[in-house]
Amino acid sequence: GAIAITITFSETITVTGTPQLTLETGGTDAVVNYSSGSGGTTLTFNYTVASGNTSSDLDYASTSALALNSGTIKDASGNTATLTLPTPGETGSMSANKNIIIDTAGPTVSSVSSTTTDAAYKEGNTVVITVAFNEPTYVTGTPRIKLETGTTDQYATYYLGTGNDTLTFSYTVVSGDTTADLDYTSTSALELNSGTIKDAAGNAATLTLASPGATNSLSANKAIVIDGNVPTVSSVTSTKANGAYTVGDNIPITVTFNQTVTVTGTPQLTLETGSTDAVVDYTSGTGTA
């Protein structure tokens with residue numbers, strides 16, 4: 001709706017025509033028509049906010065911002081009113097009396113990052129994704145970010161941050177997820193998912209993200225590796241030639257995995273060797289498959 005702006009005079013006045021008041025509203029100043037008040041001491045000008053208008057504390061443009069616009073403002077004796085207004089920002093001015101913010105531009109994304117330490121993460125681990133905006137934002141519902149996680153893309157879901165300029169999303173690694181440097185899928189990866197992201201004035205946020213890999217993207221700001229592929233055994237064999245072996249012969253047994261594995265301690269392999277099974281200690285191979 002319109003914002004009613006009132007100008008109070010020192011005595012009763014009569015208005016003819018449509019005087020105008022020019023407001024300081026950024027790149028384009030708003031010119032507001034007189035609405036009502038003739039016959040009293042206070043005139044009302046109704047200002048409807050237009051696209052592109054902006055002000056951190058609404059005021060008129062100057063001391064001469066009130067113009068007759070071919071109309072008249074006079075007292076009962078016919079004296080023309082002096083139209084000089086208090087200096088903007090000083091006592092008696094609009095911005096001194098009121099604190100009205102005009103904001104017609106929605107929030108925009110500044111950067112995507114994470115509070116999770118740069119490292120490799122496996123199935124069940126949680127990674128926190130942060131989206132910074134250029135102003136405080138207010139969230140309803142559960143917006144989400146589509147992440148590039150290999151064969152199946154996963155989502156980081158919003159859970160914290162409304163009323164602040166940074167929103168926080170959470171992603172839990174599932175089996176099969178993989179990426180050498182975690183990032184979202186595209187510039188449009190931030191989705192409302194039937195929710196809303198707006199500023200204090202109610203302007204909807206522009207959800208466009210930096211291109212994946214570019215400055216201010218997740219992978220540019222962080223180095224998070226996702227490895228949800230659990231190592232599995234591909235085969236068990238031996239480098240020993242086929243044949244019969246007796247006491248004291250050494251038979252190397254190799255267990256091959258589907259990916260590189262790292263070993264700590266001394267895993268063991270139990271062999272089926274008759275009435276007493278042989279338990280064989282791990283010897284070498286860490287850092288390979």
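Quick note: residue numbers are just sequence positions, from 1.
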Just by modelled atom types, is the V263 backbone N or O under 3.5 Å from a matching donor or acceptor in the T286 side chain? yes
Are side-chain N/O atoms of D281 and T266 paired as donor and acceptor at under 3.5 Å? no
Where the side chain of N134 meets the backbone of T108, is there a donor-acceptor pair that is under 3.5 Å apart? yes
Does K122 come within less than 4.0 Å of D227, counting only side-chain N to carboxylate O? no
Under the 4.5 Å side-chain heavy-atom rule for ILVMFWY, direct or indirect, which residues accompany Y60? I3, I5, I7, F9, I13, V15, L21, L23, V32, Y34, L43, F45, Y47, V49, L58, L66, L68, I73, L83, L85, M94, I100, I102
Any side-chain heavy atom of I224 sitting closer than 4.5 Å to one from S114? yes
With no hydrogens and no angle check, do the side chains of S186 and S188 hold a donor and an acceptor under 3.5 Å apart? yes
Side-chain (T130) to main-chain (S113) donor-acceptor, under 3.5 angstrom: yes
If we ignore angles and hydrogens, is there a donor and acceptor under 3.5 Å between the side chains of D177 and Q154? yes
Only residue of T149, N125, I145, T116 satisfying side-chain contact (heavy atoms from CB on, under 4.5 Å) with Y171 is T149
Under a plain distance cut-off of 3.5 Å, with no hydrogens placed, do D57 and S95 share a side-chain donor-acceptor pair? no
For residues D277 and E272, determine if any side-chain heavy atom of one lies less than 4.5 Å from a side-chain heavy atom of the other. yes
If we ignore angles and hydrogens, is there a donor and acceptor under 3.5 Å between the side chains of T237 and S235? no
Do we see a donor-acceptor contact under 3.5 Å between the side chains of S35 and N46? yes
Going by atom types alone, do S219 and D183 pair a side-chain donor with an acceptor below 3.5 Å? yes
Hey, are the side chains of S238 and P252 touching, using non-hydrogen atoms and a 4.5 Å cut-off? yes
Polar side chain donor-acceptor pair, T137 to D165, under 3.5 angstrom: no
Examine L147 and Y121 and state if one hydrophobic cluster contains both, with Ile, Leu, Val, Met, Phe, Trp and Tyr joined whenever side-chain heavy atoms are less than 4.5 Å apart. yes
Please check if the side chain of D59 supplies one atom and the backbone of G89 the other of a donor-acceptor pair under 3.5 Å. yes
Side-chain H-bond candidate by donor/acceptor type, T196 with T140, under 3.5 Å: yes
Show the numbers, then the answer: is there a side chain to side chain contact (heavy atoms under 4.5 Å, CB included) between T157 and S170? CA-CA 5 Å; T157 303; S170 177; 5.9 Å; no
Does N53 offer a backbone N or O that forms a donor-acceptor pair with the side chain of T104 under 3.5 Å? yes
Here the gap from Q20 atom CD to N33 atom CG, rounded to the nearest 0.5 Å, amounts to 4.5 Å
